[in-house]
K.L.:
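This is the structure I have questions about; it appears just below.
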Amino acid sequence: MKNTRKWVCVLAFLILFAGVQRFLHLFTQAESSALYLEWERAAVASADGSLREFDPLSPPPALEEGEWYRFSLQMPEERETGMWLIFEAADLELSVTLDGQELWYSAAVQDPDSVNLSQAQLSLPAGGGEELTMDVRLAGEGTPDLFPPLLRLTDDPSDQAGAIAYANQYTVPANTASRILLVFWALFLIGAARGAPDWRLLLPALAVGLRMVHHSAVGYGVYFFSPQVQAVLANPWMELLPGLSMVLYLALQRQRSFWRLLGLAAAWSAGGLAVVFLLSALRTGDLLHYATQVLGIVRTGYHSLLLYWGLLWLVIVCALIAVWELIQSIAQVYGEARALSLRNNLLMANYQALERKVRESAALRHESAHRLAALDAKLQAGDLAGLEESLTAWRKANSAAAQTLFTRNITVNAILQDAASRAQRAGILFQASAPVPEELPFPDEDLCALLMNLLDNALEGAERTPAGQRRSIHFKMRLSNGFLSVLCENTFDGRLSVGADGSLYTTKEDAESHGFGLPQIRNVAKKYGSMLDIRYTASLFTVQAALQIPKAARRKTVM
């Protein structure tokens, strides 16, 4: 259940991440709203009104003195208000008429050193089906490269959506890269604040920072940087430095956990991309079109785009791994702090038990002094019958006060004797059987964590047994067939706090300071290859585990 919850969280994160990227991707794609119009008729016109028609898709014939070209077509139906007619007008003398009414006239000569062609933008009224005629005379030397004029009908004459989408193709990835840069910087500062800065994190931070700056400079840096700065930031060598930084960062990674997580991320990414690509191929979607474009660009020898996305993926994955490792580190520190708090509580309990024994011993010595004085008085008086009676009573009292020897193992015996003493004071029947050898192949701290938590929980549960019912604890421990089996049963009131996944939680009011018992027991059991078997009825709670003896210690273990 725990692993399922973990993978569900990972999947939820990936879905959200993909959804955000998909949403932002919408702002980098703007299909042109322009409707391209094809000339339907073309002719060479002369001053006497005669027309010499030719195919508008063929190269136009040469003109004689006083002749010009005439192109015409029928406009689309149902044209709404706000539409514009766009065409290039460089080196041409143009007259545009709509149903015989002149709509626009211009004569423009193109500067040979200019780059962009002069463009005409005509606002059209609502309508449709009119005949559009364009009379064209050459105003410059030779025929323009774009001839006849290419007509487009659009509601966005300046192509603002296209310009914004083109800009977003650089700003959206740069925005993502800037956040990754901040993540690495924050991780470094957190480590520095904890007294253990990870200097390696500065390498991916440098890589993503340089890549962000270079990618933005190539796209729109010419509009915002000075020529000197632009020449440096857009230099192709700036593409190599991020890659070198990441290679050095990977070379410094020695932990197997890092490479395992990186491998999992690569496998998941490849699998997810394959699935999405397959779905896109089946539906002829955008990813198929984009992948085809990228492959075509790579074949031409231009690898910058592929390197950019590969590097961006790598730094994103490394950032996620670094965040995960930080969370794990904080969780480990918190767990160690909780374990230390538990150990302190156990030490305090041991100290209090020792203090009680010292007090009991002092009281016993005081009582023994009084008994000895009474016996001496009876001996001096010659009261042998009274002396015998007093000795018999004293012997019975000592027999009742003597502690039971549960096992020859000092650690286990001390824990069981302490639990028996506490159970006796609470009016709980305590029965224990622990025929284990004097030496056990387990560290004392693991035995203490297992048995003390187990018996503490059992005592707490038995104390909550409803009035009128017998309170009891039954404990069994034995070594057999390479396992140390432990069984503890106790009565309780049937009240448990069970989570949605079946996990048990403490029923104490201060849950933050308690609830470590079962997790500590479970950790010890897991450490030695055992699962914690927890069963309960309305009145009986049972915990059972079987710790596997390490192979190196099995031959040395003697019953």
Side-chain angles (χ1 to χ4, degrees), residues 342 345-346 348-350 352-353 356-357 360 400-407 409 411-436 447-480 483-511 513-525 530-547:
L342 176 61
N345 292 337
L346 295 178
M348 181 59 66
N350 288 340
Q352 293 173 350
R356 286 195 302 270
K357 291 180 180 179
E360 291 172 358
Q403 288 187 314
T404 303
L405 179 65
F406 294 98
T407 178
N409 185 279
T411 302
V412 177
N413 188 68
I415 295 173
L416 292 178
Q417 285 183 346
D418 178 70
S421 176
R422 293 165 59 188
Q424 183 180 12
R425 290 194 302 271
I428 300 172
L429 174 63
F430 185 83
Q431 295 177 336
S433 173
V436 296
L447 288 175
C448 290
L450 174 67
L451 299 182
M452 295 183 73
N453 280 294
L454 195 63
L455 292 170
D456 281 347
N457 289 346
L459 287 166
E460 178 192 344
E463 288 177 353
R464 294 192 285 111
T465 303
Q469 298 182 15
R470 187 183 67 171
R471 299 178 174 183
S472 65
I473 296 175
H474 297 276
F475 178 87
K476 294 181 181 180
M477 184 178 186
R478 63 191 299 264
L479 194 64
S480 177
F483 288 89
L484 178 66
S485 60
V486 180
L487 172 67
C488 186
E489 295 180 343
N490 64 272
T491 57
F492 77 122
D493 59 359
R495 184 170 57 91
L496 292 172
S497 178
V498 183
D501 58 353
S503 301
L504 297 177
Y505 302 97
T506 180
T507 56
K508 296 181 179 180
E509 294 182 0
D510 187 7
S513 301
H514 301 89
F516 305 147
L518 283 178
Q520 289 287 327
I521 299 171
R522 188 175 285 108
N523 288 338
V524 175
S530 176
M531 296 295 292
L532 201 62
D533 184 19
I534 300 176
R535 301 180 183 183
Y536 49 87
T537 64
S539 60
L540 189 64
F541 191 89
T542 305
V543 180
Q544 187 173 5
L547 308 186

K.L.:
Using the side chain to side chain contact (heavy atoms under 4.5 Å, CB included) rule, take Ile521 and Asn457 through it: C-alpha gap first, then chi angles, then the decisive distance, then the call.
P.N.:
CA-CA 11 Å; Ile521 299 171; Asn457 289 346; 4.1 Å; yes
K.L.:
Among all residues two or more places apart in sequence or in another chain, which pass the side chain to side chain donor-acceptor pair (under 3.5 Å) test with Thr465?
P.N.:
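Side chain to side chain donor-acceptor pair (under 3.5 Å) check on Thr465 returns Thr491.
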K.L.:
At what distance, to the nearest 0.5 angstrom, does CG of Asn409 lie from CE of Met477?
P.N.:
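Result: 7.0 Å between the selected atoms.
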K.L.:
Does Ala449 offer a backbone N or O that forms a donor-acceptor pair with the side chain of Asn453 under 3.5 Å?
P.N.:
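A pair under 3.5 Å: yes.
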K.L.:
Mind checking the CG-CG spacing from Leu547 to Leu450? Nearest 0.5 Å is all I need.
P.N.:
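So the gap between those two atoms works out to 5.5 Å.
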K.L.:
Would you confirm whether Ser530, through its side chain, and Ala525, through its main-chain N or O, come within 3.5 Å as a donor-acceptor pair?
P.N.:
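No, because the side chain of Ser530 does not come within donor-acceptor range (under 3.5 Å) of the backbone of Ala525.
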K.L.:
Which atom pair, heavy atoms only, marks the closest approach of Glu463 to Arg471?
P.N.:
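Of all heavy-atom pairs spanning Glu463 and Arg471, the closest is O-NH2, 3.4 Å.
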K.L.:
Start with the C-alpha gap between Phe406 and Gln417, add the side-chain angles, then the distance that decides, and say whether side chain to side chain contact (heavy atoms under 4.5 Å, CB included) holds.
P.N.:
CA-CA 8 Å; Phe406 294 98; Gln417 285 183 346; 3.9 Å; yes
K.L.:
Closest approach of Val412 and Ala434, non-hydrogen atoms and distance?
P.N.:
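Smallest interatomic distance, heavy atoms only, reads CG1-CB, 4.4 Å.
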K.L.:
Does His474 form a side chain to side chain contact (heavy atoms under 4.5 Å, CB included) with Leu540? I'd like the steps, not just the answer.
P.N.:
CA-CA 11 Å; His474 297 276; Leu540 189 64; over 6 Å; no
K.L.:
Specify the closest pair of heavy atoms between Ala419 and Leu459, including all atoms of both residues, with the distance to one decimal.
P.N.:
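That would be O-CD2, 4.1 Å.
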K.L.:
What's the spacing between Ile534 CD1 and Gln544 CD if we round to 0.5 Å?
P.N.:
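Taking CD1 in Ile534 and CD in Gln544, the distance rounds to 11.5 Å.
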K.L.:
Atom OG of Ser421 and atom CG of Leu416: how far apart are they, to the nearest 0.5 Å?
P.N.:
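Those atoms lie 12.5 Å apart.
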K.L.:
In Å and rounded to the nearest 0.5 Å, what is the CG to OG1 distance from Leu487 to Thr542?
P.N.:
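Leu487 CG to Thr542 OG1: 6.5 Å, rounded to 0.5 Å.
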K.L.:
Just jot down the side chain to side chain contact (heavy atoms under 4.5 Å, CB included) partners of Asp493, sequence neighbours excluded, or say none.
P.N.:
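If we apply the side chain to side chain contact (heavy atoms under 4.5 Å, CB included) test to Asp493, skipping adjacent residues, the hits are Arg464, Pro466, Arg495.
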K.L.:
On a heavy-atom basis, which atom in Leu532 and which in Ala545 lie closest, and how many Å separate them?
P.N.:
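Leu532 and Ala545 have their closest heavy atoms at CD1-CB, 3.9 Å.
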K.L.:
What is the minimum heavy-atom distance between Thr407 and Asn413, and which atoms define it?
P.N.:
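Thr407 and Asn413 have their closest heavy atoms at N-OD1, 3.3 Å.
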K.L.:
Check Ile415 against Met452 and note the closest heavy-atom contact, atom names and distance.
P.N.:
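In terms of heavy atoms, the two residues are closest at CD1-CG, 3.8 Å.
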K.L.:
With rounding to the nearest 0.5 Å, note down the distance linking CZ in Phe475 to CG in Leu454.
P.N.:
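Nearest 0.5 Å value for the CZ-CG distance: 6.5 Å.
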K.L.:
For Thr411, which residues count as a side chain to side chain donor-acceptor pair (under 3.5 Å) partner, sequence neighbours excluded?
P.N.:
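Applying side chain to side chain donor-acceptor pair (under 3.5 Å) to Thr411 gives Asp444.
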K.L.:
Parallel, tilted or perpendicular: which one describes the rings of Phe492 and Phe541, with boundaries at 30° and 60°?
P.N.:
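Because their plane-to-plane angle is over 60°, the rings of Phe492 and Phe541 count as perpendicular.
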